[in-house]
A.B. asks: 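Just passing along the structure, written as structure tokens.
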Amino acid sequence: MTFKSSFCSGRRGFLLGGATVIGAAATGGLPLWSSIARAGETPAPDIVDMLLRPGASRASLVSNPAIQTDVWAYNGTVPGPEIRIRQGQRLRARLENTLPQETTIHWHGLRIPNAMDGVPGVTQDAVKPGGSFDYVFDLPDAGTYWYHPHANTTEQLGRGLYGPLIVEETDPLRVDRELVWILDDWRLDDAAMIDSGFNAMHDVSHAGRIGNVVTVNGLPPGELVVRPGERIRLRLLNAANGRIFALDFDELAPTVIAMDGHPVTPHRDDAPLLLLGPGMRFDLVIDIPVKGKTSFAVMDRFYDGMENRIASLAVSGEAVRDGVPDWDMALKPNPVPEPDLDQSTRHDLVYSGGMMGGMVLQQMTQSGHITPEMLNRMGIEDMAGMGNMMRSMSGSGNVWAVNGRDPDRDGDGPLVTLERGQSCRLTLMNATAWLHPIHLHGHAFRLLARNDAPVNHQPWLDTVLIKPGERVEIAFVADNPGDWLIHCHILEHRVGGMSGIIRVL
Ligand code: C2O
Ligand code: CU
């Protein structure tokens with residue numbers, strides 16, 4: 001297999017490791033589980049069966065293909081097999097744990113029943129080594145999603161456990177070619193083995209586990225040959241533990257058509273770089289120019305002076321057409337309920353802690369955005385109290401806090417409790433000196449505003465990247481009952497306490 005082919009995900013086959021999706025009609029040898037197909041049930045939608053087996057494997061992560069890295073992978077490949085399914089279909093995925101430790105599967109971004117959400121201790125018991133679990137759910141929304149473990153996530157994702165889940169529109173977008181690029185970042189030692197120092201205090205209290213090797217679809221960045229005039233749909237996904245990518249598309253000027261799976265008014269981003277935090281996705285349309293430049297570089301420029309090449313595009317061959325096609329780029333919206341902003345309840349979550357966090361908390365307090373009442377709730381009475389809290393937090397290993405506590409572990413119950421069907425407006429305040437991609441399970445939310453300024457297109461998201469000192473307002477209808485995690489997707493930050501539960505009754 002060449003590096004080139006790894007970039008080319010055809011409409012059906014994802015060319016990594018011979019992964020297959022077994023449709024209901026296919027003779028894939030998987031049992032049709034009787035426990036699911038009960039007699040007398042209303043006729044089931046088309047069903048896609050999938051067997052996911054996380055376990056030890058090897059992967060060529062570095063440019064010398066003779067060097068193999070020991071990884072953990074689903075069905076032996078990094079990324080795991082692409083699950084491609086049509087909107088409205090049902091997925092039946094059996095997890096068979098061949099890892100030496102407990103695991104689960106979380107279906108990131110999918111609005112599915114709580115019992116299928118894959119959070120050990122919250123929605124299910126972790127699956128022991130040798131054990132199995134059947135996930136069964138319907139896919140309400142089209143878009144670009146992914147799956148990954150939610151047990152010991154820093155290590156399990158850090159060793160390579162993740163895969164794409166693509167839900168096709170019933171009326172798919174017209175393009176010449178579709179690509180899925182899953183970006184990841186690995187911390188390898190000199191022998192190209194994965195550094196086993198997971199949850200290091202420095203990673204937990206700073207930017208997360210940042211690595212030294214970047215891969216696209218589990219391979220070193222390579223070259224993709226494209227034709228002049230080709231229209232490409234690129235599905236981008238960041239599966240790294242901590243690395244944020246800031247992508248520069250050279251002169252390709254991509255059009256954003258979906259964010260976190262959900263359609264958005266097709267637009268070109270005003271920002272020069274596309275910011276992709278861990279957990280986030282973008283669907284882009286790229287029209288390859290018919291004339292002019294014949295090579296383009298996609299670069300990550302997040303860290304000054306530490307750029308990474310993500311891909312090179314070489315334009316060659318005969319032109320597919322002589323201009324930009326006038327095909328529609330707008331996708332049909334997903335059936336996400338619209339929050340009623342007038343009737344909504346309001347809540348706020350203040351994120352604090354981390355290196356230099358006291359300073360930002362102080363600034364946001366002085367500017368009046370964090371009120372004395374909020375500080376009180378955080379157990380802080382005055383500026384001295386703020387210093388004490390920071391010190392006691394770092395002493396206990398809980399580097400981060402939400403509303404002044406570590407709700408995931410202190411047993412104080414949910415951060416927010418909502419009636420089913422209620423519209424909720426949530427203000428997320430980043431009173432830290434670091435960026436945080438905050439991810440909500442089980443729902444999509446509308447991003448309304450940043451620092452009180454309405455956001456363009458107000459996209460539906462499941463993960464929102466919040467800058468230091470920034471206030472972000474989101475809204476959603478709490479229509480999915482259960483306890484849902486809301487946490488930072490920089491996985492080491494979650495370990496350090498940046499997590500909590502939203503309960504929908
Ligand atoms: Cu992508 Cu709580 O996870
Ligand atoms: Cu974070």
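As the structure lists them, so they are numbered: ligands from 1, and atoms in each ligand from 1.
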A.B. asks: Quick check: H436 with H487 (ring centres under 6.0 Å apart)?
C.D. replies: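 No, they do not, as the ring centres are separated by 6.0 Å or more.
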A.B. asks: To the nearest 10°, how many degrees is the angle H441 NE2 to atom 2 (Cu) of ligand 1 to H487 NE2?
C.D. replies: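 Reported to 10°, the angle equals 110°.
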A.B. asks: Using the benzene-type ring in the case of Trp, are the ring centres of H489 and H148 under 6.0 Å apart?
C.D. replies: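 Here the rings of H148 and H489 have centres that are less than 6.0 Å from each other.
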A.B. asks: Counting only protein atoms, how many N/O/S atoms are less than 2.8 Å away from atom 1 (Cu) of ligand 1?
C.D. replies: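 My tally for this metal is 3.
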A.B. asks: Does NZ or CZ of R209 lie under 6.0 Å from the centre of the six-membered ring of F198, at an angle within 45° of the ring axis?
C.D. replies: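 Yes, cation above the ring, under 6.0 Å and within 45°.
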A.B. asks: With a 4.0 Å cut-off, would you call R233 and E169 a salt bridge?
C.D. replies: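 Here R233 pairs with E169 in a salt bridge, since their nearest N and O are under 4.0 Å apart.
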A.B. asks: Check this for me: does any side-chain nitrogen of one of D203 and R187 sit under 4.0 Å from a carboxylate oxygen of the other?
C.D. replies: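 Salt bridge flag = yes for R187 with D203.
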A.B. asks: Residues in ring pair (Phe, Tyr, Trp, His ring centres under 6.0 Å) with F445, at least two apart?
C.D. replies: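 For F445 there are no ring pair (Phe, Tyr, Trp, His ring centres under 6.0 Å) partners, ignoring immediate neighbours.
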A.B. asks: Looking at R92 and D134, does any basic side-chain N land under 4.0 Å from a carboxylate oxygen?
C.D. replies: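 Not counted as a salt bridge, because no side-chain N and carboxylate O are separated by less than 4.0 Å.
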A.B. asks: Around the Cu ion (ligand 2), what protein N, O or S atoms are found below 2.8 Å?
C.D. replies: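 Near the Cu ion (ligand 2), below 2.8 Å, one finds H436 ND1, C488 SG, H493 ND1.
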A.B. asks: For residues Y147 and Y74, establish whether the separation of their ring centroids is below 6.0 Å.
C.D. replies: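 That pair passes the under 6.0 Å test.
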A.B. asks: Among residues at least two apart in sequence or on other chains, which ones pass side chain to side chain donor-acceptor pair (under 3.5 Å) with R425?
C.D. replies: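 With sequence neighbours excluded, R425 shows a side chain to side chain donor-acceptor pair (under 3.5 Å) to E473, given in chain and number order.
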A.B. asks: Using a strict threshold of under 4.0 Å (side-chain N to carboxylate O), is an ion pair present between E373 and R377?
C.D. replies: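 Salt bridge flag = no for E373 with R377.
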